[in-house]
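Below is one structure, written out as structure tokens; comments come after it.
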Amino acid sequence: MAIKIIDHAFDPYYEIQRYQNTQLDHLGAIGATSLFIGTMRDFNQGSQVTGMSLEHYPGMTEKQLELCIEKAKGLWPILDSLIIHRVGTITPNEVIVLIAVWSSHRGDAFDATRYIMEALKSTVPFWKKECLETDAERWVTSNTSG
Amino acid sequence: MAIKIIDHAFDPYYEIQRYQNTQLDHLGAIGATSLFIGTMRDFNQGSQVTGMSLEHYPGMTEKQLELCIEKAKGLWPILDSLIIHRVGTITPNEVIVLIAVWSSHRGDAFDATRYIMEALKSTVPFWKKECLETDAERWVTSNTSG
Amino acid sequence: MSIKVYYFASLKEHVGSSEHELDFTQSLTVNEVWLQANATLVLPKNTLAAINMDYVDWDSLVSDGDVVAFFPPVTGG
Amino acid sequence: MSIKVYYFASLKEHVGSSEHELDFTQSLTVNEVWLQANATLVLPKNTLAAINMDYVDWDSLVSDGDVVAFFPPVTGG
């Protein structure tokens with residue numbers, strides 16, 4: 001299990017490969033890997049968006065991410081998981097979040113990945129501020145439902 | 001949209017990266033990427049499994065995979081998708097199937113990926129024969145529910 | 001009329017052949033194609049049928065030049 | 001007793017500061033901490049509160065050495 005907060009652009013597939021090659025638990029038992037990758041779009045709520053800054057609460061972020069994983073583990077028999085989340089200045093098409101869940105059976109991996117993503121969006125202290133084409137900035141005030 | 005049947009081991013992350021770099025549609029609109037990777041376990045139904053051969057019906061396989069994607073597109077606004085499935089001789093820990101779905105919003109990517117996986121397992125003409133530790137072979141007679 | 005019949009996986013082993021070519025003088029259903037080709041064999045329950053790579057019911061009619069396939073429940077993914 | 005108060009995101013801009021240090025002589029709730037620190041400011045609705053990085057209700061009591069944080073609904077992922 002690993003949690004990473006990264007302040008620069010990252011390639012989610014490189015990160016997953018590295019994790020699988022060096023840290024992954026329970027290899028022979030894994031039948032299902034479910035991944036979710038959230039990417040910054042170039043539009044939101046009707047406006048062109050040119051960039052974003054992502055603030056967080058260091059320490060509480062990691063604590064709440066661990067809680068998301070612990071809760072998922074209590075609900076499904078997952079074998080391993082990895083969460084990586086960006087902070088700092090982000091441009092469109094860059095990855096904001098990667099969630100990976102490994103399990104023996106596919107239903108558990110699907111359920112746990114989605115659960116962790118929804119839990120992250122509602123409980124982990126990250127805040128997005130968008131830069132619009134007009135040079136205006138605006139805080140994103142609430143997450144859309146999943 | 002792409003469908004590939006491959007008769008040798010492949011790295012799903014390399015394939016996804018290549019697809020994203022050369023073929024992916026609607027880049028700026030993509031907010032969510034959902035991936036499912038099915039891997040061969042070293043046990044099944046209480047037995048140690050040392051290998052597997054995966055037979056398919058060439059032509060019908062592709063036709064039914066396309067149908068899975070078309071049906072998903074009718075249900076959710078997905079922007080692009082990729083399915084890769086192994087055939088031939090497979091050893092434990094190798095990847096059997098990769099499903100990737102790209103969409104603007106996460107719920108659609110999650111739903112469509114899971115739908116395509118369940119549709120694949122119930123309609124696409126692949127058949128698994130397992131090689132057991134005892135050197136016996138056995139056809140897998142039905143898929144587990146997802 | 002002439003049709004091709006394919007068998008896959010455990011059904012191929014059960015039939016002992018991967019394909020048959022059949023000629024008929026009258027229209028037949030998928031079920032009748034099975035009986036013509038494999039009259040002496042028990043049909044395993046849950047066997048699926050396709051015409052030209054689309055799933056069909058066992059009472060569907062086959063046409064000249066069709067490819068009929070029989071196979072067990074699929075187990076991919 | 002002495003506590004730290006942190007503000008994040010739009011609430012940090014609203015308060016005009018990222019942190020306060022406060023000293024009290026008696027026990028206080030989270031709500032009373034907000035009033036002590038920002039008596040003249042409207043509290044934006046939906047503001048969330050944490051003590052020592054765990055979410056808490058506004059009537060939770062703070063203890064000496066606690067870190068209290070106030071912030072708007074989270075929008076990560």
Side-chain angles (χ1 to χ4, degrees), chain B residues 3 5-6 36-41 44-45 52-68 70-71 83-88 90 95-99 113-130 137-146, chain C residues 1-22 28-38 41-77:
Chain B
I3 284 168
I5 308 299
I6 297 186
F36 179 81
I37 296 164
T39 309
M40 190 188 159
R41 292 191 307 267
N44 193 30
Q45 298 176 329
M52 181 190 276
S53 63
L54 230 156
E55 184 177 335
H56 75 127
Y57 180 178
M60 183 162 174
T61 305
E62 290 82 352
K63 190 172 188 176
Q64 295 298 322
L65 285 172
E66 279 170 26
L67 202 56
C68 293
E70 286 311 309
K71 283 182 180 171
I83 303 179
I84 302 177
H85 203 290
R86 269 296 296 280
V87 292
I90 302 177
V95 172
I96 299 172
V97 60
L98 163 68
I99 296 173
T113 304
R114 192 162 189 165
Y115 174 89
I116 291 171
M117 184 62 190
E118 298 309 315
L120 183 159
K121 290 196 88 108
S122 62
T123 65
V124 183
F126 293 109
W127 301 276
K128 288 174 183 155
K129 187 182 221 174
E130 293 174 336
E137 292 187 327
R138 69 176 178 200
W139 287 102
V140 177
T141 54
S142 67
N143 267 328
T144 53
S145 64
Chain C
M1 65 184 220
S2 166
I3 63 158
K4 272 202 169 167
V5 185
Y6 290 138
Y7 309 97
F8 292 94
S10 57
L11 199 71
K12 177 168 67 187
E13 295 177 359
H14 182 63
V15 169
S17 176
S18 65
E19 71 180 90
H20 286 142
E21 298 240 10
L22 297 179
L28 290 183
T29 65
V30 168
N31 190 51
E32 288 164 338
V33 169
W34 171 268
L35 292 172
Q36 288 274 350
N38 305 288
L41 276 182
V42 172
L43 175 65
K45 71 170 179 158
N46 299 330
T47 297
L48 301 171
I51 297 179
N52 302 333
M53 303 182 179
D54 288 317
Y55 285 98
V56 293
D57 293 329
W58 285 75
D59 54 4
S60 302
L61 287 174
V62 297
S63 307
D64 188 38
D66 277 355
V67 176
V68 178
F70 295 108
F71 46 80
V74 302
T75 55

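Naming convention: chains lettered A, B, ... in sequence-line order (proteins, then strands); numbering from 1 in each chain.
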Q.
According to side-chain contact (heavy atoms from CB on, under 4.5 Å), who are the partners of H14(C), at least two apart in sequence or on a separate chain?
A. L11(C), L41(C), P44(C)

Q) Roughly how far, to the nearest 0.5 Å, is the CD atom of E137(B) from the CD atom of E13(C)? A) 8.0 Å

Q: Assign the ring pair W127(B) / F8(C) to parallel, tilted or perpendicular, where the plane angle (0 to 90°) is split at 30° and 60°.
A: parallel

Q: Compare all side-chain heavy atoms of F126(B) with those of T75(C) and state whether any distance is below 4.5 angstrom.
A: no

Q) Where on V140(B) is there a heavy atom nearer than 4.5 Å to chain C: the side chain, the backbone, both, or neither? A) both

(Q) To the nearest 0.5 Å, what is the distance between CG on N46(C) and OG1 on T141(B)? (A) 9.5 Å

Q.
Looking at every heavy atom in both T123(B) and V74(C), which two are closest together, and how far apart are they?
A. N-CG2, 3.8 Å

Q.
For Y57(B) versus A69(C), what's the shortest heavy-atom pair and its separation?
A. CE1-CB, 3.5 Å

**Q.** Nearest heavy-atom neighbours spanning N52(C) and K63(B)
**A.** O-NZ, 3.2 Å

Q. When you measure from the side chain of H85(B) to the backbone N and O of G77(C), does any donor-acceptor pair fall under 3.5 Å?
A. yes

Q.
With rounding to the nearest 0.5 angstrom, report the OG to CD distance, S10(C) to E55(B).
A. 9.0 Å

Q. Does F71(C) reach the side chain of M60(B), with side-chain heavy atoms less than 4.5 Å apart?
A. yes

Q) Can you name the ring-ring contact (aromatic ring centres under 6.0 Å, His included) partners of W58(C), sequence neighbours left out? A) F70(C)

Q | Test item: Q64(B) side-chain N/O and D54(C) main-chain N/O as donor-acceptor pair under 3.5 Å | A | no

